[in-house]
Amino acid sequence: MSNTLSDRYNPQEVETRTYAWWESSGYFKAHDLSTKPPFSIILPPPNVTGFLHLGHALDHTIQDLLIRWKRMSGFNAMWLPGTDHAGIATQSVVEKELKKNEGVTRHQLGRNAFVEKVWDWKHQYGDRIYSQMKKLGDSCDWERSTFTLDEGVSQAVRKVFANLHKKGWIYRGQRLVNWSTPLESAISDLEVEHQQIKGTLFHIDYPLENGSGNLTVATTRPETLLGDTAVCVNPEDERYKHLIGQNVILPLLNKKIKIIADTYVDIQFGSGVVKITPAHDFNDYKIGKTHHLEFINILEKNGTLNENAGPYKGLKVQEARKRVIEDLKNLNLLVKEEPHMQSVGHCSRTGAVVEPFLSEQWFMKMDKLAIPARRVVESGTLRFEPESWTKVYLHWMNIIEDWCISRQLWWGHQIPAWHCQKCAHITVTESGVPQNCSQCGSTDLKQDEDVLDTWFSSALWPFSTMGWPKDTETQKTFYPTSYLVTGHDIIFFWVARMILMGLEFKGDIPFRTVYIHGLVRDSQGRKMSKSLGNSVDPVEMIDKYGADALRFSFLAHLNNGKDFKFSEQRLEGYRNFMNKVWNATRFSLSHLHDFKVPANGTQALPKKSDLSVYDKWILSALKDVEKKVEESLEAERFSDAAQAIYHFVWYQFCDWYIEFTKPLFQGPPSPEREATQLVLAQVLNRIVRLMHPFSPFISEEIYQKLPIRNEACIIDQYPTVAKDYELLECGSEEAAKEVEIVKEVITAIRNIRGENRISPAIQLPVKLIIQDDKSQKILSENKSTLISLARLSDVSIETEGHFAKCAVTPVQFKDLQVKVVIPLEGLVDFNEEIKRIQKTIEKLNKDIFGLNSRLTNEKFVKNADEDVVALDRELLEKSKVQLTQLQEALVRFQ
RNA sequence: AGGGAGUUAGCUCAGUUGGUAGAGCGCCACCCUUACAAGGUGGAUGUCGCAGGUUCGAAUCCUGUACUCCCUACCA
């Protein structure tokens, strides 16, 4: 051990070394069989080939805090990491790369070859995010790492699919779905983002069949008229009532279509006539179903128009729109164009406009599954934190719709359903490839081409990662998990679906508490995005400020699930804090060089009679902060805990305790000095343990340098008042009170010095006017501290005195009262001091006025709590005394 | 349109059963005082969105209102 530490903390070197040591020592491992109580978290799996972004960093910091805290608190803490194959995202990336590098499309390559390419990609980048997580300090049990396409997970997926299919809760159907044309795949409702855009409302004339005129319809998507199979009016609309049941001629295609009536049509909007395109609009789809209309699909999977579009075949939607408008113009059928704000669905992956598209898809029936999923939250068995998300969750569960689970992609879990080429029957199996069609026995079977929505496998994550469907010890020990920590953006995508599936297949909730945090935004509250150029790379921040600073900045500023505004300046502040702790250690170690390390290590207690009042005070303050941290962590108020630590370490331990100990350390060896050494060593030890879940690296680094310690900070006990009662009881509130009055006096002197601009180089003589014996005793015992911390030439204590041309400040703490008097003759311009006193008087006057008006109010005296009134009375008396003293002092300057 | 959250110091936010408004950062002034200038000491700063109401007393409870944000849905 070397005591010559650098005066700047260097996180980079420490972090890499420390993490490697923790990992190789097996400290992150949890055990399936253990006598310790279990605590478990499943990491929300990031995209396997993705980068760690700031949102992950926040999410992981909270989880690692919980895991480290519980691990240190005697739990069998298990944090299970994993990665997601992220179907669409990964497939798109690889597709793009392929095009760029090899100039081929996936279709040219073929399914098997393409999937192999994606696996190559996964193998190349799959570890990147793990190594980034390690930089952050994530203490995951790495041996349990799982990938969503691992064989075990895939088995779980197939089993769940087969099971729900058998129940009839997974079914196949032709439906209108959200179609992403670049992906050539269906996407779920949740993957559609609505954006307000400026569109145009086109008014188009449809000639009546009988030649008696036109019916004008309004539409924002004129090209869809090619798929129209009716026009619709409101049955109550007097303008059109007589036309219901007649036909109009569909322009361009010159087809006869019917005029139907439905109350869905808003008489006020547009022309009051709606064209009905059942195969390309969700509302029209419903009308088409109720009125038994024909469904004409005019699109190919890639978004070009098909043969049903007649002459427009082969055009893209946008081109077709232009051409249709032109042609309508030429026919004099386009009667009006008006600007119109509309909300258009976009694919959240590609940004392309989503086309409603009629296709054969797999769906999961949700209504039955939702019943228990609602109940467990309503009953409080499963809790959301903050609680307000409960409402959001329940609302969604109440209006839940069937989930389109099939995707026309190649990367993912291929649907375990085989279509009989003979009788078209679908055979679903839990495992392996079926030999025969379960209906006709034919061997001519073809597996469904589609893969499952990525969130399907994610929904099983809490148990599929623990070996389900096998019956494992892991599940027995760790399911249900303790916490799920995630952002509010995926409550529906993921959290809700895990709850549904956990209840259905494990018969129990997947986690007890869902801790929801906000999303990370930039300092102005904007979403971080590549296009804005405001995204921040957490790895870069770690390199610059250290992982501990990053973690601390998250933890100290979490606010009830609200979005988190990231600020680099703040990060700098916590980097400084880490440095402060580092330097406090440097100081401590340099004064512990001759410390006699007690045999019983961290259990060592100082001899009470040797303790200074400062030792007792810091132990008392330590007790308070440990209590506060414990309570805050239990209540999931992580920022309160972080701030309590910050405050204690900087403003109590560093600013005062270390300063208090300096005179003693400059003096000769003594029992008192030894006692202080022990206290210093103990307090520092407890500080780093307290800090460890928040800032693990620096804590471990310092811990390893301490004279009193055990094997490793990461597995040492988390400090709690209950566990180390004896040490903390060495502190006393009485001592704390004494130190407080000393601090107040020092502050008062510094205040006088500062306000009067008296150079710190000048040592001041101070008179303390004290009436009561207790205060007198305390201050005379702490004279030398006053002299050194307030830079005094002398302190005299008197019971009363005159103070002509002196600065005067009354000081009090609880029942202790002192008047601080400093002669200023020849030192300063009295005007400054007069101003200072006047300011204090002004404030006192204001206070006294307020107190007086309250206390003379009969109703207040009658109705308010007794102690409130008594407190006010006391305050008023004290304030009055102070006021008189200051007024007297002021007079003496004249 | 429906639902949710918010509005407190220049910024980011605390403020737990109503009892004279707090923190961090930033800002200003003075200091290289032998752990730390990534530091020390001191200082300034608020009609608690607005308007009512309940109360002796409201940032806190009630009603209304303005604005911001998010989610869900969506008129062709």
Side-chain angles (χ1 to χ4, degrees), chain A residues 5 7-9 189-190 194 201-202 217-221 224 232 264-266 268-277 281-284 340 342-343 345 386 388-389 391-392 395-396 399 488-489 491-492 518-519 523 525 545 549 556-567 569-570 572-591 635 637 639-640 643 646-647 654-655 658-659 662 666 747 750-761 788-791 846-847 849-851 854 857-865 867-869 871-872 875:
Chain A
L5 273 52
D7 65 354
R8 288 216 175 160
Y9 173 60
D189 295 344
L190 290 173
H194 292 273
L201 191 60
F202 299 94
V217 303
T219 180
T220 53
R221 294 191 299 156
T224 59
C232 189
Y264 150 74
V265 177
D266 179 355
Q268 308 298 324
F269 189 88
S271 60
V273 187
V274 182
K275 58 191 271 313
I276 303 298
T277 323
D281 182 281
F282 288 98
N283 289 305
D284 295 6
H340 179 68
Q342 62 183 140
S343 123
S388 58
W389 291 106
K391 273 188 199 164
V392 178
H395 180 251
W396 189 71
I399 57 162
H488 55 68
D489 52 337
I491 291 180
F492 305 140
L519 310 180
S523 57
Y545 301 102
H557 293 276
L558 286 172
N559 52 349
N560 295 323
K562 278 173 267 180
D563 284 351
F564 183 95
K565 288 191 185 114
F566 180 82
S567 140
Q569 195 180 41
R570 194 148 65 195
E572 204 180 309
Y574 290 106
R575 188 265 321 259
N576 295 353
F577 174 63
M578 298 308 155
N579 195 49
K580 186 78 181 171
V581 177
W582 182 252
N583 275 296
T585 306
R586 239 158 48 89
F587 170 87
S588 305
L589 293 180
S590 73
H591 291 103
R637 305 205 38 132
S639 56
D640 284 0
Q643 284 169 19
Y646 183 94
H647 189 270
C654 292
D655 284 356
I658 284 186
E659 295 304 324
K662 279 179 182 173
Q666 275 150 18
T747 304
R750 286 170 174 170
N751 178 302
I752 292 167
R753 194 191 283 274
E755 290 285 277
N756 285 297
R757 313 256 160 88
I758 302 170
S759 158
S788 72
L789 295 200
R791 309 188 139 248
K846 222 167 118 191
D847 290 354
F849 179 80
L851 287 165
R854 261 210 293 180
N857 181 339
E858 274 177 42
K859 284 181 179 170
F860 170 71
V861 179
K862 210 171 79 187
N863 294 327
D865 284 352
D867 40 338
V868 172
V869 178
L871 211 72
D872 277 3
L875 207 58

Peer 1: Can you list the residues that meet the salt bridge (Lys or Arg N to Asp or Glu O under 4.0 Å) rule with A:R8, with sequence neighbours excluded?
Peer 2: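 By the salt bridge (Lys or Arg N to Asp or Glu O under 4.0 Å) rule, A:R8 matches no residue at all.
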Peer 1: Give every pair of a protein N or O atom and an N or O atom of nucleotides 73-76 of chain B that lie under 3.5 Å apart, one pair per line with the distance.
Peer 2:
| from | atom 1 | to | atom 2 | distance (Å) |
| --- | --- | --- | --- | --- |
| B:C74 | O3' | A:N283 | ND2 | 3.4 |
| B:C74 | N3 | A:S343 | OG | 3.0 |
| B:C74 | N4 | A:S343 | OG | 2.5 |
| B:C75 | OP1 | A:N283 | ND2 | 2.3 |
| B:C75 | O2 | A:D266 | OD2 | 3.4 |
| B:A76 | OP2 | A:H340 | NE2 | 2.9 |
| B:A76 | O2' | A:A218 | O | 3.3 |
| B:A76 | N6 | A:D266 | O | 2.6 |
| B:A76 | N6 | A:F269 | O | 2.8 |
| B:A76 | N1 | A:D266 | N | 3.1 |

Peer 1: 5'-most contact on RNA chain B: A:K846 or A:V392, nearest heavy atom basis?
Peer 2: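 The residue whose closest nucleotide sits nearer the 5' end is A:V392.
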Peer 1: Name all residues meeting the side-chain hydrogen bond (donor to acceptor under 3.5 Å, both in side chains) criterion together with A:Y9; count only those two or more places apart in sequence or in a different chain, and write none if there are none.
Peer 2: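 With sequence neighbours excluded, A:Y9 shows a side-chain hydrogen bond (donor to acceptor under 3.5 Å, both in side chains) to no residue whatsoever.
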Peer 1: Identify, with sequence neighbours excluded, every residue that meets salt bridge (Lys or Arg N to Asp or Glu O under 4.0 Å) alongside A:R854.
Peer 2: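 A:R854: salt bridge (Lys or Arg N to Asp or Glu O under 4.0 Å) contacts with A:D872.
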Peer 1: Remember a base hit wins even if backbone is also touched, and classify A:R753 as base, sugar-phosphate or nothing at under 4.0 Å, heavy atoms.
Peer 2: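 Here A:R753 touches no strand at all.
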Peer 1: Once pairs are restricted to Watson-Crick or G-U wobble with both distances under 3.5 Å, how does RNA chain B read as a dot-bracket string, [ ] for crossings and | for other-strand pairs?
Peer 2: (((((((..((((.....[..)))).(((((.......))))).....(((((..]....))))))))))))....
Peer 1: A:R221: what forms a side chain to side chain contact (heavy atoms under 4.5 Å, CB included) with it, not counting sequence neighbours?
Peer 2: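 Expected list: A:T219, A:E223, A:T224, A:D281, A:R321, A:E355, A:P356.
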Peer 1: What residues, two or more places apart in sequence or in another chain, satisfy salt bridge (Lys or Arg N to Asp or Glu O under 4.0 Å) together with A:D563?
Peer 2: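 Residues passing salt bridge (Lys or Arg N to Asp or Glu O under 4.0 Å) with A:D563: A:R521.
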Peer 1: In chain order, what residues pass the side chain to side chain contact (heavy atoms under 4.5 Å, CB included) check against A:Y646, with sequence neighbours excluded?
Peer 2: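 With sequence neighbours excluded, A:Y646 shows a side chain to side chain contact (heavy atoms under 4.5 Å, CB included) to A:F552, A:Y574, A:F577, A:W650, A:Y651, given in chain and number order.
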Peer 1: According to salt bridge (Lys or Arg N to Asp or Glu O under 4.0 Å), who are the partners of A:K391, at least two apart in sequence or on a separate chain?
Peer 2: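 A:K391 satisfies salt bridge (Lys or Arg N to Asp or Glu O under 4.0 Å) with no other residue.
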Peer 1: Checking A:R575 now: which residues fulfil side chain to side chain contact (heavy atoms under 4.5 Å, CB included) with it, not counting sequence neighbours?
Peer 2: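 Counting only residues at least two positions away or on another chain, A:R575 forms a side chain to side chain contact (heavy atoms under 4.5 Å, CB included) with A:Y545, A:A549, A:E572.
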Peer 1: With the sugar-phosphate defined as primed atoms, P, OP1 and OP2, and the base as all remaining atoms, what B/S/- string results for nucleotides 37-45 of chain B, 5' to 3', for protein heavy atoms under 4.0 Å?
Peer 2: -BSSSSSS-
Peer 1: Strictly under 4.0 angstrom, non-hydrogen atoms only: write out the protein contact profile of nucleotides 6-19 of chain B, one letter per nucleotide from the 5' end, B, S or -.
Peer 2: S-----SSSS---B
